[in-house]
2 protein chains.
Amino acid sequence: MDTNENMEEAIEVLQQLGLKEYEARCFVGLSRLHSGTAKKLSEMTEVPRTRVYDAVRVLESQGLVEVQHSSPQEFRAVSLEEATETLRDQYEARVERLENTLGSVDIVDEGDDTPIQQVWALSGQSGIENRTDQLIEEATDEVVLVIGDESLLTEDLVDSLNEVVSNGVTLIIGALTESLEDQIQTKVPDATTFITGLEWLRSENATEDETAIGRLLLIDRSTILVSSITPGSKEEQAIFGEGFGNGLVVLARRLMAQGLVPAHDPGQ
Amino acid sequence: MDTNENMEEAIEVLQQLGLKEYEARCFVGLSRLHSGTAKKLSEMTEVPRTRVYDAVRVLESQGLVEVQHSSPQEFRAVSLEEATETLRDQYEARVERLENTLGSVDIVDEGDDTPIQQVWALSGQSGIENRTDQLIEEATDEVVLVIGDESLLTEDLVDSLNEVVSNGVTLIIGALTESLEDQIQTKVPDATTFITGLEWLRSENATEDETAIGRLLLIDRSTILVSSITPGSKEEQAIFGEGFGNGLVVLARRLMAQGLVPAHDPGQ
DNA sequence: TGAGAAGTCACCCGATTAATCACAAAAAGG
DNA sequence: CCTTTTTGTGATTAATCGGGTGACTTCTCA
């Protein structure tokens, strides 16, 4: 509906995808025209006319616009489908190149000692999600998962859960709301589900500013990942610990025993 | 094998993927270590020690490294699989956002007249490839395709060809070498294939520097795309014309009649 | 042929980023 | 307990890049 706002957002996204501001503006401008000249484009996008030429040339070299070498020359954008497909191809090629090159560098590993307590921090939605999935897939006995927000129940996560449950791993999944619990039960039928309030969290720091819980993951009672989502920036942050003796892990086991997971008997 | 060279390339690719130089160097450095401190990283990557902290912080926020908040703090990179998956996710999210926003901007289309002869130029490997595939899929009667290099016979292209041939479109595909012709026949069994030398091209400009022919595509005798690959830069460039009366298209039909496609009788 | 439009260049300036330095806080080690 | 080294933060400088503007040549068309 709001064309103007969408244009601004499209320009922003294109810049995140690697285009310069002028290039992004020109591409969005051309997307609204069947074809246009430098002058028209300049008026419509507020890119200086004399710079339209550079910008379009770059876009052309990336396969995003076509140029008609007449006078005045005309430009037009490729279809949205072609554009997105091209962008995907380019990025995929780069990621594959990264896999090849980084995959074949030798690890020097100056044997950094410290086999001790380690608690690692990582942040970023997708990074944490991947780590979550991977940890689940590596489980051999038990997975305890508490999901704090509906949006975190992604397709990949469901796949990982169903894969691991078919290997005989016990799955215990907690949700914050009934509707979320229902969703989980239909998508992961073999899991034991329950509902947890966050009282155990809130009671600790009632005065702090509200940081919502994201995920809580305990693998085989020896690896833990806890994430929170800051309300403002929507950024997700996680901490992550390994090892049965790890302080964080011990804490988590304690927590569980005290009723985070209601009526669940520790097998050992 | 050549770890050093691969590292340099990995750093380059990471920068293309949006990281800054220091960030890229640090990530590659950490990929060679199970874990490391700022000092060690600095020595190994030639990033100023005091800048390592910033770089790593950015990497952490992108989900590419983990940080242990001890003293001295330790950093470690996520696994290559996690890293590439995260990068893919991020990019895919952006492209989808682009589809949504750009898809819902209104087209103003100040009815740029010029219903006349139009010849458009576009360049870039993937862009041209997507255009090729799309044109093929839109064909209703006949597709004539000449492939100049083995690498251009991609999976997507083969899919498009097989899809369109199942709709009753005549497929005529030319190759430069016998081995390429064989490949085509096995991958696209329903196509009529032949071998073309480039005499018709070479005879025209024997003195010019060698620009290799990439593709030649004629759709329903009314749309043409010709691409060339400059030997040095490996960049592909194409021109593209539509309309039965288009000069370029007429030229192409002429060319065909004169024997580019041997013994093929124009149906009309 | 003359006026205006189209296209190319070269330049400026502000923002970002690479690179260095100064300094406080924190281990380490006698 | 004090000294020395290491670690981390912040400010500062230098160089690069990208946005922004204008001069100038070429082309089109009346």
Side-chain angles (χ1 to χ4, degrees), chain A residues 8 11-30 33 35-62 65-76 110 112-114 116-117 120-121, chain B residues 8 11-12 14-30 33 35-62 65-76 110 112-114 116-118 120-121:
Chain A
E8 286 307 317
I11 291 170
E12 234 176 73
V13 177
L14 281 166
Q15 284 182 270
Q16 291 176 357
L17 291 170
L19 298 190
K20 304 305 170 198
E21 184 186 330
Y22 284 172
E23 294 156 19
R25 301 191 90 86
C26 282
F27 182 76
V28 173
L30 282 175
L33 254 37
S35 87
T37 64
K39 187 177 185 193
K40 198 177 289 181
L41 241 195
S42 164
E43 288 162 358
M44 135 175 282
T45 61
E46 305 189 345
V47 173
R49 185 186 60 84
T50 60
R51 285 314 208 71
V52 168
Y53 301 98
D54 313 271
V56 165
R57 211 162 285 136
V58 173
L59 289 171
E60 197 255 8
S61 79
Q62 306 221 1
V65 312
E66 302 166 88
V67 178
Q68 186 173 19
H69 292 287
S70 48
S71 181
Q73 36 190 171
E74 296 228 344
F75 315 119
R76 74 179 188 194
E110 313 222 348
D112 245 43
D113 32 17
T114 55
I116 30 167
Q117 300 248 352
W120 297 89
Chain B
E8 287 305 318
I11 291 169
E12 235 175 69
L14 281 167
Q15 285 182 271
Q16 291 177 358
L17 291 171
L19 297 190
K20 305 303 170 198
E21 184 185 331
Y22 283 172
E23 294 157 18
R25 301 192 89 86
C26 282
F27 182 75
V28 173
L30 282 175
L33 253 38
S35 86
T37 64
K39 187 177 185 193
K40 199 178 288 181
L41 243 194
S42 164
E43 288 162 357
M44 135 176 282
T45 61
E46 303 189 346
V47 173
R49 185 186 61 84
T50 59
R51 301 281 85 206
V52 168
Y53 300 99
D54 310 74
V56 165
R57 210 162 285 137
V58 173
L59 289 171
E60 197 257 7
S61 79
Q62 307 221 5
V65 313
E66 301 166 89
V67 178
Q68 187 174 20
H69 292 288
S70 49
S71 183
Q73 36 190 180
E74 296 229 343
F75 315 119
R76 74 179 188 194
E110 314 223 347
D112 245 44
D113 34 14
T114 55
I116 32 169
Q117 300 248 351
Q118 296 194 331
W120 298 89

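Naming convention: chains lettered A, B, ... in sequence-line order (proteins, then strands); numbering from 1 in each chain.
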Could you check how far [atom1] of [X] sits from [atom2] of [N], rounded to whole Å?
X     : N      : atom1 : atom2 : answer
A:D54 : D:dC17 : CG    : P     : 16 Å
A:E21 : D:dG20 : CD    : C1'   : 10 Å
B:I11 : C:dT17 : CD1   : P     : 18 Å
A:E43 : C:dA5  : CD    : P     : 11 Å
A:L14 : D:dG18 : CG    : P     : 16 Å
A:K20 : C:dT16 : NZ    : P     : 13 Å
B:E46 : C:dT20 : CD    : C1'   : 16 Å
A:R25 : D:dG19 : CZ    : C1'   : 11 Å

Validation row: B:Q73, B:Y53 side chains within 4.5 angstrom (heavy atoms): yes
Is there side-chain contact between A:L19 and A:L59, with at least one heavy-atom pair below 4.5 Å? yes
Quick one: which protein N/O atoms are closer than 3.5 Å to N/O atoms of nucleotides 7-10 of chain D? Pair and distance per line, please.
from	atom 1	to	atom 2	distance (Å)
D:dG8	OP1	B:Q73	N	2.5
D:dG8	OP2	B:Y53	OH	2.6
D:dG8	O5'	B:Y53	OH	3.4
D:dG8	N7	B:R49	NH1	3.0
D:dG8	N7	B:R49	NH2	3.4
D:dT9	OP2	B:R57	NH2	3.0

Considering all heavy atoms of both residues, which atom of A:T45 and which atom of A:G29 are nearest to each other, and what is their separation? CG2-CA, 3.8 Å
Please give me the minimum heavy-atom distance between B:T37 and B:P72, naming the atom from each residue. CG2-CG, 4.3 Å
My understanding is that only residues two or more places apart in sequence, or in another chain, count here; which of them pass salt bridge (Lys or Arg N to Asp or Glu O under 4.0 Å) with A:E43? none
Partner of B:V56 by side chain to side chain contact (heavy atoms under 4.5 Å, CB included), out of B:F27, B:F75, B:Y22: B:F75
